[in-house]
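Presented below is the structure to which this report refers.
In what follows, every chain begins at residue 1, and chains take the letters A, B, ... in the order their sequences are listed. Every value quoted in this text rests on a predicted model; they were computed, and no experiment measured them.
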Protein chains: 2
Amino acid sequence: MQSNEPPRKTPGERATIHDVARLANVSPATVSKVLRGLGAVKAESVARIHAAVRELGFRVDPLAANLRRSRRSIVGLIVPDFRNPFFGSMVAHFERLAEGSGYRLVTVSSAEKTEREAAQTEALLDWRVAGMIVVPTDGRPAAEASLLDQKVATVLLDRVPDETGFDRVSVNNVEASAAVIRELVARGHRRILLGPSSLDLTNMRDRVDGAMAAARQADIVEDIEVLLCGPDVASAMHAMASRFDEGRLPTAIFTLYSPATLAALREVERRGLVMPRDLSVVGFDDIEWMQVTHPPIAAVIQPVQAIAEVAWAQLMQRLAEPGESPRTVEVACELDLRGSVAGPPA
Amino acid sequence: MQSNEPPRKTPGERATIHDVARLANVSPATVSKVLRGLGAVKAESVARIHAAVRELGFRVDPLAANLRRSRRSIVGLIVPDFRNPFFGSMVAHFERLAEGSGYRLVTVSSAEKTEREAAQTEALLDWRVAGMIVVPTDGRPAAEASLLDQKVATVLLDRVPDETGFDRVSVNNVEASAAVIRELVARGHRRILLGPSSLDLTNMRDRVDGAMAAARQADIVEDIEVLLCGPDVASAMHAMASRFDEGRLPTAIFTLYSPATLAALREVERRGLVMPRDLSVVGFDDIEWMQVTHPPIAAVIQPVQAIAEVAWAQLMQRLAEPGESPRTVEVACELDLRGSVAGPPA
DNA sequence: CTGAAAGCGCTTACAG
DNA sequence: CTGAAAGCGCTTACAG
């Protein structure tokens, strides 16, 4: 880091590599070489160059530096929604990972719309990003053709397609969801409501499938109910409210993403129901507030940090070896059964 | 938006303006002119150029396009923490605002560390951003000298310094906090705990000042207690736990940022206290989960969208008229007194 | 060990 | 109406 008061000679204008070269009495090519630690340069020149860099407060323009290469040292990250803390946390982890790796991270959101995801992807490709990390809006990159066409190293995250030419990282959605159902069944529940956002998302489909498989095992498939809750908190509130209005509630709700958990609790609260006496609730995704409710909400914990680390490592690996065939990694979730779960009402 | 399958001639390589020029039988300069809608060009040439652009799936490289100007068409946004939904929401609003304005948004976080804020600012300046929107880590931009030196249009947000050469947008922290105290006093509270993150942050200081002013008016200054809760949820949990351990709690807690609200509720929950019977709680910042707790938590609502819109308008204005003297805008908050507030225990 | 020249993908005067 | 040339801030062969 440089000091707070860069001793620039020309306030308002940044020094260029030519200014440094002039001051150090060498050519711009030599400055460039020294700055990137390449080749053999006379010690005297090196010293003069470093002095000039300090004197002028010179810092290279990373965008111009990459112009001659076909790819910029930028990684693009596309998430569905900044307001969801799960993705917020993901962004924070990637930002930390990008530091020191020599890549800059540019993060954009698709707002859960495929057209926007496509437009954002194209915009990042316009920047000649070296790589991309994408949480596809509905399980398949919206600008898949362009990504493949331009051969940009890409890792898909969270909502990953079954078949794809890209690297993938996800959690063990099927098994984690099955485990939740098994726990509920073990406590005596039969009538269980599942709350996915939509069945177009591959991760949601996997969660429903896992839950259903466990239900089949327990022979309670016919008692399982699926409520589509839509992309965000607003839609989930609406869906839950309608369902609660209908009456004859199940004895347990397993919400498959955090906005639905929020919506379910809101209805529980509004109608004066008491967890877990009247209703058990388990959410997929653990968020900080889930431990300040009364009782705390049981949750499937996604290891965000591990997901980000694995994905970043995969991306770096692919940038190093573009030819390798795509790999898939599945990270295991943990189930924390908190106070919101008990047996069904007597 | 272009179709999913760009009909590129050279897969893997993007077409350049030279490719377009060659195909359309004109010079690159003419293509450039047409693409930016400048100057007079023969209708025939225009048609051939558009045809070539489509044929090759050409899209300009916005970074290269800006190289000749001293500033890139990029706006940098620095927030303290992506994991805080208040800032997540802010980022989402700015992203939407940037679209269609011809600027691309590059968002980074300071992780509540001034050194990181300084480094992130320098990095964005390296990119020659046209403008910056900064939520200063502790009330004053960490790389202030560089921002001023390079004359980059800058708007400060949320935690704004008292005196500064930059445009500022904040909420009416003093008055909003005073209003909370007045409401609590009106309900009979005297012993009130304030929970700021730190007194180094100008917005926190203003909130404390506003609360204190109202307390003075009500002659209860000596009953006010201030608990520093630190930068994030973890530190706030720790601070709250220690304070609750001490015993002799106040009758009301006014947390001045959402992590402290979370921490306060966690202690309430852990110790089996009942709101508002044993304790009233009001938080500064409204977050979605605050309405799914029992009872819902009273909150000072910051109008994130209005804040973002005002700040963006200011930035655009300053880019248009760099010479004008800095302006300050204060946006009003709304107080929603929900079930977590009542009179003190009898 | 060093520098002149060409190039990255565009735009900007300028000349015609 | 159009194009050749120079330039933005760097890097990359290449020649010496």
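- Backbone-only contact: Ala65(B) has heavy atoms under 4.0 Å from sugar-phosphate atoms and none from a base.
- Note on Arg14(A): every side-chain N or O is 4.0 Å or more away from OP1 and OP2 of dG9(D).
- The separation between Ile49(B) atom CD1 and dC1(D) atom C1' is 11 Å, rounded to whole Å.
- Within the 4.5 Å cutoff, the side chain of Arg168(B) has no heavy atoms near those of the Pro326(B) side chain.
- With a cut-off of 3.5 Å on both pairing distances, the Watson-Crick or G-U wobble partner of dC14(D) is dG3(C).
- Within 6.0 Å of CZ in Arg83(B) there are 12 or fewer heavy atoms belonging to other residues, nucleotides or ligands.
- Within the structure, every side-chain polar atom (N or O) of Arg68(B) is placed at least 4.0 Å from both OP1 and OP2 of dA13(C).
- In this structure, Glu324(A) places its CD atom where more than 12 heavy-atom neighbours from other residues, nucleotides or ligands lie under 6.0 Å away.
- Separating the CH2 atom of Trp127(A) from the C1' atom of dG9(C) is a distance of 16 Å, rounded to the nearest angstrom.
- Separating the P atom of dT2(C) from that of dG9(D) is a span of 25 Å, rounded to the nearest Å.
- The nucleotide whose nearest atom lies closest to any side-chain atom of Lys42(B) is, among dC10(C), dG9(D), dT2(D), dT2(D).
- Nucleotide dC10(D) holds its C1' atom 8 Å from the NE2 atom of His18(A), rounded to whole Å.
- Look at Lys33(B) and you won't find any side-chain N or O under 4.0 angstrom from OP1 or OP2 of dT11(C).
- Here the side chain of Arg72(B) pairs no donor or acceptor atom with the backbone of Ala130(B) at under 3.5 angstrom.
- At least one side-chain nitrogen or oxygen of Arg36(B) sits closer than 4.0 Å to the OP1 or OP2 atom of dT11(C).
- For Ser27(B) and dA4(D), the shortest distance from a side-chain N or O to OP1 or OP2 is not below 4.0 Å.
- We find that CZ of Arg72(A) is positioned 8 Å from C1' of dG9(C), with the value rounded to whole Å.
- Between dT2(C) and Ser45(A), a contact under 4.0 Å exists linking OP1 or OP2 to a side-chain N or O.
- Across the protein-nucleic acid pair, Asp19(A) atom CG and dC8(D) atom P stand 11 Å apart, rounded to whole Å.
- Atoms CG (Asp61(B)) and C1' (dG9(D)) sit 14 Å apart, rounded to a whole Å.
- Side chain of Arg128(B) to backbone of Asp126(B): a donor-acceptor contact under 3.5 angstrom is found.
- Between the CG atom of Leu35(B) and the P atom of dT11(C) there is a distance of 7 Å, given to the nearest Å.
- Side chain of Arg128(B), nearest nucleotide from dC10(D), dC10(C), dC8(C): dC10(D).
- Rounded to an integer number of Å, the gap from Glu44(A) CD to dC1(C) P is 11 Å.
- The residue among Arg69(B) and Pro28(B) whose nearest nucleotide of DNA chain D lies closer to the 5′ end is Pro28(B).
- Note that CD1 of Ile49(A) is 11.0 Å distant from CZ of Phe58(A), once rounded to the nearest 0.5 Å.
- In this structure, Thr30(A) reaches the dG3(C) phosphate: one of its side-chain N or O atoms is under 4.0 Å from OP1 or OP2.
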